[in-house]
Amino acid sequence: DSGVTQTPKHLITATGQRVTLRCSPRSGDLSVYWYQQSLDQGLQFLIQYYNGEERAKGNILERFSAQQFPDLHSELNLSSLELGDSALYFCASSESRKQGSGDTQYFGPGTRLTVL
Amino acid sequence: GNSVTQMEGPVTLSEEAFLTINCTYTATGYPSLFWYVQYPGEGLQLLLKATKADDKGSNKGFEATYRKETTSFHLEKGSVQVSDSAVYFCALSPSGGNNRLAFGKGNQVVVIP
């Protein structure tokens, strides 16, 4: 158990809909990262938050957005869903008090999104 | 940009065989290097890491050495067990920047009794 929790575990929805994925980091970790794992693209970094502020953006679509709340949990919002958005979405957390420090990221169990 | 390359294709081997999974990287400076493992239906778990050249990471019988001269971080285990069957991902975190991970495509390892 990494200490990172994600809900829901599975999500099935239709094209055009909007969903919210939730992540609670390990106790004491200030950084939250979101990754997407799909068969064709592999594991791709989406976005990072540090103590409530956006710190880095990766291959995140404009239809996707995220935020980190004062209690440090994070939500990833996916809207206007398309079939190609079906994937496993992982959240990870780390201390990350210093940039480029090579902190270990601890991953949650993931949310499997299926868009029909 | 930063990238990680893992050898193509699944790896199938017998119990107690020697395992090697190749990983090479492209990055500026001295990135931190990681091996993560994903068991069926689960999230990624850190297997080992190395943060500077010539460092050797090790855990559960697995080892990998950070080779700056060959930009490699190959994973090895001397005697695999059926319980080692999983997908193994090599990843890097760039130096001096944010801590985002760049992953290789992963290798499915199947150990046959």
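Naming convention: chains lettered A, B, ... in sequence-line order (proteins, then strands); numbering from 1 in each chain.
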Residue pair A:Thr104 / B:Tyr36, side-chain heavy-atom distance below 4.5 Å: yes
side-chain contact (heavy atoms from CB on, under 4.5 Å) partners for B:Ala27, two or more places apart: B:Asn2, B:Tyr25, B:Pro31, B:Leu92
B:Leu101 and A:Tyr33, any side-chain heavy atoms less than 4.5 Å apart: no
Taking side chain as everything from C-beta outward and backbone as N, CA, C, O, which of these in A:Gln37 sits under 4.5 Å from a heavy atom of chain B? Side chain, backbone, both or neither. side chain
Around atom CZ of A:Arg26, are there more than 12 heavy atoms from other residues, nucleotides or ligands closer than 6.0 Å? yes
Less than 4.5 Å to any heavy atom of chain A: does that hold for the side chain of B:Gln45, its backbone, both, or neither? neither
For chain B, find which of A:Leu43, A:Val4, A:Ile47 contributes the most heavy-atom pairs closer than 4.5 angstrom. A:Leu43
If you round to the nearest 0.5 Å, how far is CG of B:Leu44 from CD of A:Gln105? 10.5 Å
For B:Glu69, does the CD atom have more than 12 heavy-atom neighbours from other residues, nucleotides or ligands under 6.0 Å away? yes
Would a hydrophobic clustering, with Ile, Leu, Val, Met, Phe, Trp and Tyr connected at side-chain separations under 4.5 Å, put B:Leu46 with A:Phe45? yes
Atom group of A:Leu88 that falls short of 4.5 Å from chain B, counting heavy atoms: side chain
Quick check on B:Glu16: does its CD atom have over 12 non-hydrogen neighbours (other residues, nucleotides or ligands) under 6.0 Å away? no
Who passes ring-ring contact (aromatic ring centres under 6.0 Å, His included) against A:Phe90, sequence neighbours left out? none
Where the side chain of B:Arg100 meets the backbone of A:Lys57, is there a donor-acceptor pair that is under 3.5 Å apart? yes
